[in-house]
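These notes are about the structure you will find just below.
Side chains included, hydrogens not; waters and symmetry mates left out as well; all remaining heavy atoms used.
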Amino acid sequence: MGWAIVLALILFGMSGLVHVAAMSWVMSAATRRTFTTPARLLLALYGLGGAHILEAGLYAIGFSLGDNLGIGGFEQEDVNSFMDVFYFSLVNYSSLGLGDIYPTGHFRFLAGVEALNGFLLISCSASTLFLVVTRKPD
């Protein structure tokens with residue numbers, strides 16, 4: 001369980017740092033006068049969406065590392081590529097939870113932390129999108 005906690009703390013922090021950088025970049029770029037409101041919205045959507053995909057990818061790397069450390073796995077036998085793990089991570093990060101891949105062992109803890117982290121960062125993105133479309137450019 002110790003490795004799962006360490007891995008969760010590292011991934012939680014790294015995801016937060018990536019997201020702060022993405023939000024800062026979006027807010028900075030969106031305040032330029034050269035962009036119309038729809039252009040600012042698209043800039044923010046793509047920038048923040050890309051950050052979320054990167055953050056889910058960090059968790060996918062964490063699940064792969066955790067598999068090598070033996071702290072957990074997946075119940076399904078056909079989870080044998082990084083894309084399968086990345087798919088699980090995206091579904092879990094977004095709290096969609098399709099249920100076609102189940103974590104086992106201490107991956108259950110890591111999956112819970114990822115879902116909480118995803119929920120918090122998606123909420124931050126919603127706030128940033130609101131600011132982007134309601135603030136007037138400098």
Side-chain angles (χ1 to χ4, degrees):
M1 182 67 171
W3 281 114
I5 292 171
V6 168
L7 194 54
L9 288 171
I10 290 169
L11 292 169
F12 198 90
M14 286 176 64
S15 295
L17 291 173
V18 166
H19 211 72
V20 164
M23 289 187 306
S24 295
W25 178 81
V26 163
M27 289 304 295
S28 173
T31 56
R32 296 188 187 124
R33 286 190 168 269
T34 57
F35 293 116
T36 63
T37 300
R40 289 195 319 265
L41 176 63
L42 283 175
L43 177 81
L45 283 173
Y46 285 117
L48 295 171
H52 288 298
I53 290 170
L54 177 60
E55 292 150 16
L58 289 173
Y59 274 95
I61 292 168
F63 282 115
S64 295
L65 178 63
D67 187 37
N68 290 335
L69 291 172
I71 64 173
F74 297 100
E75 189 172 297
Q76 292 68 21
E77 292 179 19
D78 60 345
V79 179
N80 50 19
S81 72
F82 182 75
M83 188 49 119
D84 294 330
V85 176
F86 184 65
Y87 161 77
F88 168 77
S89 185
L90 272 173
V91 168
N92 196 53
Y93 178 92
S94 66
S95 299
L96 182 60
L98 292 176
D100 54 340
I101 299 176
Y102 296 99
T104 60
H106 296 304
F107 274 8
R108 293 179 301 162
F109 171 75
L110 188 57
V113 170
E114 180 185 20
L116 172 64
N117 196 194
F119 176 75
L120 291 171
L121 296 178
I122 290 168
S123 299
C124 289
S125 288
S127 297
T128 303
L129 286 169
F130 176 78
L131 291 173
V132 164
V133 297
T134 58
R135 280 192 178 171
K136 299 294 179 202
D138 294 335

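By the side chain to side chain donor-acceptor pair (under 3.5 Å) test, Asp67 is found to be paired with no residue, residues two or more places apart in sequence or in another chain being considered. Shown here are the side-chain contact (heavy atoms from CB on, under 4.5 Å) partners of Thr36, two or more places apart in sequence or in another chain: Pro38, Ala39.
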Residue pair Val79, Phe88: steps toward the side chain to side chain contact (heavy atoms under 4.5 Å, CB included) verdict: CA-CA 9 Å; Val79 179; Phe88 168 77; over 6 Å; no
Criterion side chain to side chain contact (heavy atoms under 4.5 Å, CB included) on Val91 and Ile101, from CA distance to verdict: CA-CA 10 Å; Val91 168; Ile101 299 176; over 6 Å; no
Side chain to side chain contact (heavy atoms under 4.5 Å, CB included) assessment of Leu48 paired with Val26: CA-CA 8 Å; Leu48 295 171; Val26 163; 4.1 Å; yes
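Cluster annotation: Val20 and Leu58 are assigned to distinct hydrophobic clusters (Ile/Leu/Val/Met/Phe/Trp/Tyr, side-chain heavy-atom contacts under 4.5 Å, transitive). Using a 4.5 Å cut-off between side-chain heavy atoms of Ile, Leu, Val, Met, Phe, Trp and Tyr, with links allowed through other members, Leu116 and Met14 fall into the same hydrophobic cluster. No path of Ile, Leu, Val, Met, Phe, Trp and Tyr side chains, each step under 4.5 Å between heavy atoms, connects Leu11 with Phe119, placing them in separate hydrophobic clusters. There is no path of hydrophobic side-chain contacts, each under 4.5 Å, that joins Leu17 to Leu54.
Taken from CG in Asn117 to OG in Ser95, the straight-line distance is 10.0 Å, to the nearest 0.5 Å. Taking CG from Leu41 and CZ from Phe35, the interatomic distance works out to 12.5 Å, rounded to the nearest 0.5 Å. For the atom pair CG (Leu129) and OG1 (Thr134), the distance works out to 10.5 Å, reported to the nearest 0.5 Å. Here Arg40 contributes atom CZ and Thr34 contributes atom OG1; the two are 10.0 Å apart, rounded to the nearest 0.5 Å.
Pairs of residues two or more places apart, or lying in two chains, that qualify as side chain to side chain donor-acceptor pair (under 3.5 Å) and include a residue from residues 96-108 are Tyr87-Asp100. For residues 7-26, every residue pair satisfying the ring pair (Phe, Tyr, Trp, His ring centres under 6.0 Å) rule, not counting sequence neighbours, is listed here: His19-His52.
Nearest heavy atom pair, residue Glu55 against residue Val18, reads OE2-CG1, 3.6 Å. Taking all atoms of both residues into account, the shortest heavy-atom contact from Ala29 to Leu43 is CB-CD2, 3.4 Å. Nearest heavy-atom pair, Gly47 versus Ala22, reported as atom, atom and distance to 0.1 Å: O-CB, 4.4 Å.
Classified by interplanar angle (parallel below 30°, tilted 30° to 60°, perpendicular above 60°), the ring pair Phe107/Phe74 is tilted.
Using a 3.5 Å distance cut-off with no hydrogens or angles, the side chains of Asp84 and Ser81 do pair a donor with an acceptor.
When Leu7, Asn92, Val113 are each tested for a side-chain contact (heavy atoms from CB on, under 4.5 Å) with Tyr59, only one passes: Val113.
Within the hydrophobic cluster formed by Ile, Leu, Val, Met, Phe, Trp and Tyr side chains joined at under 4.5 Å, directly or through other members, Tyr93 is accompanied by Leu121, Ile122. Listed by chain and number, the hydrophobic cluster partners of Met83 are Ile53, Ile61, Phe82, Phe86, Leu90, where partners are ILVMFWY side chains within reach of under 4.5 Å, directly or through others.
Under a cut-off of 6.0 angstrom, the local environment of CE in Met27 is crowded, with over 12 non-hydrogen atoms contributed by other residues, nucleotides or ligands.
A distance-only check finds no donor-acceptor pair linking the side chain of Ser89 to the backbone of Val85 [under 3.5 Å].
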